[in-house]
Amino acid sequence: MQVRLAAQVAAKVEGIRTALNYSKLSDTVNLLLDAIKHQWNLNLVYQPQTGTFKLKVRLDERHIQWVSQYATERGINATSATNLLISEYLSGNSVNFSPQPPATVATDSNPIPQASNQEPNIEKPKGQTLIRSLKL
């Protein structure tokens, strides 16, 4: 999955890429997503910002599902979620991420029969008989 970093996020990530001597911006983004997911403290808050023209990065397969889930839970797209996660992490804010396992539906092999709330079959007056009984 390819995402486009916001200019400010890309500038911070580029500064980190340069400081760590990584060859690709995507590698740095994936390192940051690993740090967020596994709650590593990399102390990257005060890294310098550097301009970059490479705003598109490719997320590794290991990040696609949980970033997409994070995005869906917040009603945003994966690109916005990536920018949000990285910017919050680099600002020193804790990212509230708790991976949820895929939902499974349990099936009960012995369902409990529901008690029926049917009234006993009592003959009720209808039509003119009902109206006559009401007039009396």
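Positions are given from 1 along the sequence.
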| query | Mind checking whether D27 and L20 have side chains closer than 4.5 Å, heavy atoms only? | reply |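 Side chain of D27 against side chain of L20, heavy atoms only: no contact under 4.5 Å found.
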| How about N83 and S80: do any of their side-chain heavy atoms sit closer than 4.5 Å? |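 Side chain of N83 against side chain of S80, heavy atoms only: no contact under 4.5 Å found.
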Could you pull out the closest heavy-atom pair between [X] and [Y], with the gap in Å?
X   : Y   : answer
A35 : L42 : CB-CD1, 3.6 Å
Y89 : W40 : OH-O, 2.7 Å
R58 : S26 : N-OG, 2.9 Å
A7  : L55 : CA-CD2, 4.4 Å

| message | side-chain contact (heavy atoms from CB on, under 4.5 Å) for L32 and L90? Distances and angles first, verdict last. | response | CA-CA 9 Å; L32 292 171; L90 294 177; 4.1 Å; yes
| query | What's the verdict on side-chain contact (heavy atoms from CB on, under 4.5 Å) for V13 and Y22, showing C-alpha distance, side-chain angles and the deciding distance? | reply | CA-CA 11 Å; V13 174; Y22 274 36; over 6 Å; no
| Test side-chain contact (heavy atoms from CB on, under 4.5 Å) applied to K37 and L33, step by step | CA-CA 6 Å; K37 183 177 181 181; L33 291 175; over 6 Å; no
| Does atom CD of E61 have more than 12 heavy-atom neighbours from other groups under 6.0 Å away? |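 It does not: E61 CD has 12 such atoms or fewer within range.
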| said: Taking CZ in R62 as the centre, count heavy atoms belonging to other residues, nucleotides or ligands within less than 6.0 Å. Is the count above 12? | reply: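 Atom CZ in R62 is packed in, count exceeds 12.
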| Where the side chain of D60 meets the backbone of N30, is there a donor-acceptor pair that is under 3.5 Å apart? |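 Not at all, since once roles are kept as given, no pair shorter than 3.5 Å links the two residues.
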| query | When you look at T28 and E14, which way does the side-chain contact (heavy atoms from CB on, under 4.5 Å) test go after all the steps? | reply | CA-CA 8 Å; T28 310; E14 179 63 23; over 6 Å; no
| said: Looking only at side-chain N and O atoms, does Q69 offer a donor or acceptor that is under 3.5 Å from a partner on E73? | reply: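 The answer is yes; a qualifying pair exists.
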Nearest-0.5 Å distance that lies between atom [atom1] in [X] and atom [atom2] in [Y]:
X   : Y   : atom1 : atom2 : value
L31 : I16 : CG    : CD1   : 8.5 Å
H63 : T82 : NE2   : OG1   : 10.0 Å
I36 : W66 : CD1   : CH2   : 5.5 Å

